[in-house]
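All remarks here apply to the structure that follows.
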Amino acid sequence: MGEQAGGVRIAADGLGIKGPRGWAVRGISVDAEPGALVAVEGPSGSGRTCLLLALTGRMKVSEGTAAVGDARLPKQMAAVRGISALAHVPGVNDLDPALTVGEHLRERALLQRRFGASLRGLLRPRGERAAEAQRRVDAALEAAGLDLEALPKGPRTAVRDLERLEALRLSIALALVGGPRLLGVDDADLKLSDGEREEVRALLRSLADAGTTVVAVFGEAPEGAVRVSTTQSHDDRAAGDDRPDEQDQPDEADQTGQADQPDEAEKADEPDPEDRADRANRPDEQDRPDEADRPDEADRPDEADQGEEKADAIAETGRA
């Protein structure tokens, strides 16, 4: 299917991937020979897709050692991307539901001619390059098991009208156009019937038997595959989340009861027993007359006014 022949070996030890929200996976080890089918299994949200993207050079490795062929991760991620391809990774390379199957294939062939061909290939006559592109597309469709004539409208069938298994086969065919040595497939058996799951497993085994190393995410790994589980890493993270935070733990003072004991300053402020008895016999502050209840100086009768009142009283007496 391309100039690059044979798969690549994948080796990883203690691999960990850390994102903005913490560790996605940790402690992952892989040892797969060229042309192996590597099945990544684990519960949803356990970092399966992150591991798939890391092994194909699309996500940076945070700890541990990993090598894909002769390329070391994370320093040679570009080299890994150059020999790998992704098929059906939601949120990364989704199919356009508005385009037809034929339009997807022609677009992929044009991209391969423009960016995937060697300099000598670009200098070849246009007719030869078109024939080579068509040969790549036909070989990829055959390897993916997608028969265009069996589709409702042939190549003019819109992606939105494809069944789940047909869309998966199209994604794999598009990835195989470039002749990758490493193929990554996410959610390989998601939302498929038992019969369709067996078809996908047989398809990926056939690609691995043909020499391409395949890394696929499965709900349940098929027999004969190199199993890589993210379950333990997921359980370790869950256990870490259940541990109480250090801020929630009581300090030593609270544990010994010292925090409830009054300190020396508070003891010094406490009144003596004799003072308490003396204060008890004193009139309370509230029983004392308030300043406002006392007669104001302005309300007291003036001495001149008092003399005038006396004079008036004497005069009234004399008249009487």
Side-chain angles (χ1 to χ4, degrees), residues 4 6-94 168 171-172 174-176 178-190 200 204 207-208 212-222 225-238 240-241:
Q4 299 176 356
V8 292
R9 183 174 184 269
I10 300 177
D13 184 27
L15 185 144
I17 305 167
K18 189 175 185 180
R21 299 182 180 181
W23 290 99
V25 291
R26 299 190 77 178
I28 300 296
S29 297
V30 185
D31 188 5
E33 296 297 326
L37 173 58
V38 181
V40 180
E41 61 178 357
S44 179
S46 62
R48 299 176 303 175
T49 302
C50 292
L51 180 59
L52 173 69
L53 295 175
L55 294 178
T56 54
R58 271 79 177 178
M59 183 171 284
K60 188 175 182 180
V61 174
S62 303
E63 70 176 7
T65 60
V68 179
D70 297 330
R72 312 287 287 183
L73 294 174
K75 292 185 178 180
Q76 296 176 302
M77 294 174 61
V80 176
R81 290 195 297 268
I83 61 175
S84 64
L86 294 178
H88 182 67
V89 180
V92 178
N93 61 344
D94 302 273
L168 180 59
S171 295
I172 293 175
L174 294 174
L176 293 176
R181 302 176 63 188
L182 172 62
L183 175 67
V185 186
D186 194 15
D187 293 334
D189 57 355
L190 181 66
V200 172
L204 297 181
L207 296 176
T212 303
T213 302
V214 179
V215 179
V217 173
F218 286 96
E220 182 179 354
V226 178
R227 294 172 179 256
V228 180
S229 177
T230 59
T231 302
Q232 184 62 41
S233 177
H234 176 265
D235 293 344
D236 291 344
R237 294 202 317 273
D241 294 339

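As the structure is a computational prediction, the values presented were derived from the model and not from experiment.
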- Query: Tell me, which pairs form a salt bridge (Lys or Arg N to Asp or Glu O under 4.0 Å) where one or both residues lie in residues 60-70, sequence neighbours left out?
  - Reply: Arg26-Glu63
- Is there side-chain contact between Ser229 and Thr231, with at least one heavy-atom pair below 4.5 Å? yes
- Side-chain (Thr212) to main-chain (Gly7) donor-acceptor, under 3.5 angstrom: no
- Message: Is there a side chain to side chain contact (heavy atoms under 4.5 Å, CB included) between Thr49 and Val40? Walk through the geometry before answering.
- Response: CA-CA 9 Å; Thr49 302; Val40 180; over 6 Å; no
- Pro34 vs Val8 side-chain heavy atoms within contact, under 4.5 Å: no
- Interatomic distance, CG@Leu53 vs CE@Met77, rounded to 0.5 Å, equals 9.5 Å
- Message: So, applying side chain to side chain contact (heavy atoms under 4.5 Å, CB included) with Ile28, which one of Val61, Ile17, Leu51 is it?
- Response: Leu51
- Message: I need the minimum non-hydrogen distance between Ala39 and Phe218, along with the two atoms involved.
- Response: CB-CD1, 3.7 Å
- Do Thr56 and Ser84 get their side chains close enough for a donor-acceptor pair, meaning under 3.5 Å? no
- Message: So which atom in Asp187 and which in Pro90 form the shortest heavy-atom distance, rounded to 0.1 Å?
- Response: OD2-CG, 4.2 Å
- Between Ala67 and Arg72, the two heavy atoms sitting closest are CB-NH1, 3.6 Å
- Mind checking side-chain hydrogen bond (donor to acceptor under 3.5 Å, both in side chains) for Thr65 and listing every partner two or more places apart, or none if nothing turns up? none
- Minimal heavy-atom distance between Leu55 and Leu73, with the atoms involved, is CA-CD1, 4.4 Å
- Rounding to 0.5 Å, atoms CG (Leu86) and CZ (Arg81) come to a distance of 10.5 Å
- Task: Please say which of Thr213, Val185, Leu37, Leu176 ends up in a side chain to side chain contact (heavy atoms under 4.5 Å, CB included) with Leu207.
- Result: Leu176
- Output for pair (Ser171 OG, Asn93 CG), nearest 0.5 Å, gives 6.5 Å
- Does Asp186 use its side chain to pair, donor to acceptor, with the backbone of Leu52 at less than 3.5 Å? no
- Which heavy atom in Trp23 sits nearest to a heavy atom in Gly16, and how many Å separate them? CZ3-C, 3.8 Å
- Any sub-3.5 Å donor-acceptor pair from Arg48's side-chain atoms to Glu41's backbone N or O? no
- Query: Excluding sequence neighbours, so at least two apart, what forms salt bridge (charged side-chain N to carboxylate O under 4.0 Å, His left out) with Asp31?
  - Reply: Arg9
- Note on the structure: What one should report as the nearest heavy-atom pair of Leu204 and Ala188 is CD1-CB, 4.1 Å
